[in-house]
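Single-structure report; data block below.
Worth saying up front: this structure is predicted, and the values here are computed from it rather than measured. Numbering of ligands and ligand atoms starts at 1, following listing order.
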Amino acid sequence: MHPASAASPSHAPAYDRMAVALHWIVALALVGQVLLGWYVHEIPRGTPARGWWINLHKSTGLLLGLLVLFRLGWRLRQGAPARVTGLPAWQRYAAGASHALLYACMLALPLTGYLASNFSRHGIKFFNTALLPPWGADDKAVYAALNGAHVALTWVLVALVALHVLAALTHLVRRDGVFARMVPAAG
Ligand code: HEM
Ligand code: HEM
């Protein structure tokens, strides 16, 4: 049987095990990455500690970007299980749109961070060991624009995740089978 169509205990088609594992690993890693970004924000500029923590943030952010690419590749290859029947049309559209926006945000964040870092003479010191030399000019205006987009996107992500979690919890309360698609133990 195609893994994406495996029946959950409630007999609704559920996400396959790899999709569920990737969802929860990426969700945890994203929360850690945002907290790390906010922590770096609090460290005074020009101190050695800031350089160390920002390079850690850049390195884990790049790895997370690769993991998101893998997750998206898996999703495009496997597809999503058929929707739970009986959901109102607006919920089906809202789910499709918000999931697409979440993926877009998860890709745009590491991309803007990576691009910004290449328009600064600091580049990326991968896990504070190997320098990935910047391929762009040391251009403060370009850096500020890309960095501004990076910071703005963090708030878009936070808002989308808040909505997503609220929606997931309403499905949990209603026990309509949607929650169990991503939390097989709740089936
Ligand atoms: C999914 C991946 C990522 C997330 C969720 C993320 C999130 C964040 C957050 C929350 C901040 C703090 C924003 C603020 O000051 O309010 C931040 C700052 C920053 N991030 Fe990321 N980031 C990611 C990936 C990356 C990558 C891959 C790089 C570079 C290679 C990067 C470079 C930076 C830099 C340079 C700052 C400092 C901005 C500043 O304070 O001027 N980030 N990031
Ligand atoms: C950073 C946090 C999170 C992100 C970025 C995220 C992202 C996503 C994405 C992109 C999907 C669509 C999967 C696909 O079709 O490929 C999804 C589905 C889902 N997520 Fe999350 N998620 C997060 C946290 C959570 C949390 C905390 C919960 C539960 C409280 C949750 C519950 C669900 C459920 C139930 C589905 C399946 C929805 C459906 O069947 O249509 N997620 N999530």
Just need the protein heavy atom nearest to atom 35 (C) of ligand 1, so name the residue and atom and give the distance. Tyr143 OH, 3.6 Å
Trp74 vs Met18, side chain to side chain contact (heavy atoms under 4.5 Å, CB included): CA-CA, chis, key distance, verdict: CA-CA 8 Å; Trp74 185 269; Met18 178 64 117; 3.3 Å; yes
Can you find a heavy atom in the side chain of Tyr114 that is under 4.5 Å from one in the side chain of Ile124? yes
Give me the nearest non-hydrogen protein atom to atom 32 (C) of ligand 2 as residue plus atom name, then the distance to 0.1 Å. Ala168 CB, 3.7 Å
Is Val40 in contact with ligand 1, taking contact as a heavy-atom separation below 4.0 Å? no
Which pairs of donor and acceptor atoms, one on a side chain in residues 90-97, lie under 3.5 Å apart (sequence neighbours left out)?
unit_1: Arg92; atom_1: NH1; unit_2: Leu87; atom_2: O; d: 2.8

Do any N/O atoms on Tyr103 end up under 3.5 angstrom from N/O atoms on ligand 2? yes
Does Leu172 belong to the same Ile/Leu/Val/Met/Phe/Trp/Tyr cluster as Leu166, with side-chain heavy atoms less than 4.5 Å apart forming each link? no
Atom 7 (C) of ligand 2: closest protein heavy atom, distance to 0.1 Å, is Leu102 CD1, 3.7 Å
Could you find the nearest protein heavy atom to atom 37 (C) of ligand 1 and give me its residue, atom name and distance? Ile54 CD1, 3.6 Å
Nearest non-hydrogen protein atom to atom 16 (O) of ligand 1, with distance, is Val151 CG1, 3.7 Å
Ligand 1 atoms in contact with Leu62 (distance to a heavy atom under 4.0 Å): 27 (C)
Give the ring-plane orientation class for Trp53 versus Tyr39, where under 30° counts as parallel, over 60° as perpendicular and anything between as tilted. perpendicular
Test item, Trp53 contacting ligand 1 (heavy atom, 4.0 angstrom): no
Where is the nearest protein heavy atom to atom 26 (C) of ligand 1: which residue, which atom, and how far? Gly113 CA, 3.9 Å
More than 12 heavy atoms from other groups under 6.0 Å of CZ on Arg174: yes
Would you mind checking which non-hydrogen protein atom is closest to atom 4 (C) of ligand 1, with the distance to 0.1 Å? Gln33 CG, 3.3 Å
Before signing off on this row, confirm whether Arg45 and ligand 1 have an N or O atom pair separated by under 3.5 Å. yes
Which angle, to the nearest 10 degrees, do you find at atom 21 (Fe) of ligand 2 between NE2 in His23 and NE2 in His164? 180°
Atom 9 (C) of ligand 1: closest protein heavy atom, distance to 0.1 Å, is Thr154 CG2, 3.5 Å
I'd like to check which ligand 1 atoms, numbered from 1 as shown, lie under 4.0 Å from a non-hydrogen atom of Ile124. 30 (C)
Is it true that, when you exclude His41 itself, more than 12 heavy atoms of the residues, nucleotides or ligands shown sit nearer than 6.0 Å to its NE2? no
Contact partition for Arg71 relative to ligand 2, non-hydrogen atoms under 4.0 Å: side chain
4.5 Å side-chain heavy-atom contact, Leu146 and Val142: yes
Which residue owns the protein heavy atom closest to atom 38 (C) of ligand 1, what's the atom, and how far is it? Asn147 OD1, 3.3 Å
Under a 4.5 Å cut-off applied to non-hydrogen side-chain atoms, are Val40 and Trp52 in contact? no
Closest to atom 12 (C) of ligand 2 (heavy atoms only, candidates Met182, His99, Arg75) is His99
Protein contact to atom 5 (C) of ligand 2 [nearest heavy atom, distance to 0.1 Å]: Leu30 CD1, 3.7 Å
Between ligand 1 and Ser117, is the shortest N or O to N or O distance under 3.5 Å? no
Below 3.5 angstrom, do we get any N/O pair linking His41 and ligand 1? yes
Among all protein heavy atoms, pick the one closest to atom 2 (C) of ligand 2 and tell me residue, atom and distance. Ala27 CB, 3.6 Å
Would you check whether Ala116 reaches within less than 4.0 Å of ligand 1, judged by its heavy atoms? no
Contact partition for Trp24 relative to ligand 2, non-hydrogen atoms under 4.0 Å: side chain
Does at least one non-hydrogen atom of His122 fall below 4.0 angstrom from an atom of ligand 1? no
Worked verdict on Trp24 versus Met182 for side chain to side chain contact (heavy atoms under 4.5 Å, CB included): CA-CA 9 Å; Trp24 291 107; Met182 211 40 117; 4.1 Å; yes
I'd like to check His99 versus His164 (side-chain heavy atoms, cut-off strictly below 4.5 Å). Are they in contact? yes
By number and element, which atoms of ligand 1 are closer than 4.0 Å to a non-hydrogen atom of Val34? 5 (C), 10 (C)
My understanding is that we take every heavy atom of each candidate and find the minimum distance to atom 8 (C) of ligand 1. Doing that for His57, Met106, Arg50, which one comes out nearest? His57
Considering both backbone and side-chain atoms of His150, is one of its nitrogen or oxygen atoms within less than 3.5 Å of a nitrogen or oxygen in ligand 1? yes
If you have a sec, work out which protein heavy atom is nearest atom 40 (O) of ligand 2 and how many Å separate them, to one decimal? Arg181 NE, 2.4 Å
Tell me whether Glu42 reaches ligand 1 (any heavy atom closer than 4.0 angstrom to a ligand atom). no
Any idea which protein heavy atom is nearest atom 11 (C) of ligand 1, and the distance to it? Gly37 CA, 3.5 Å
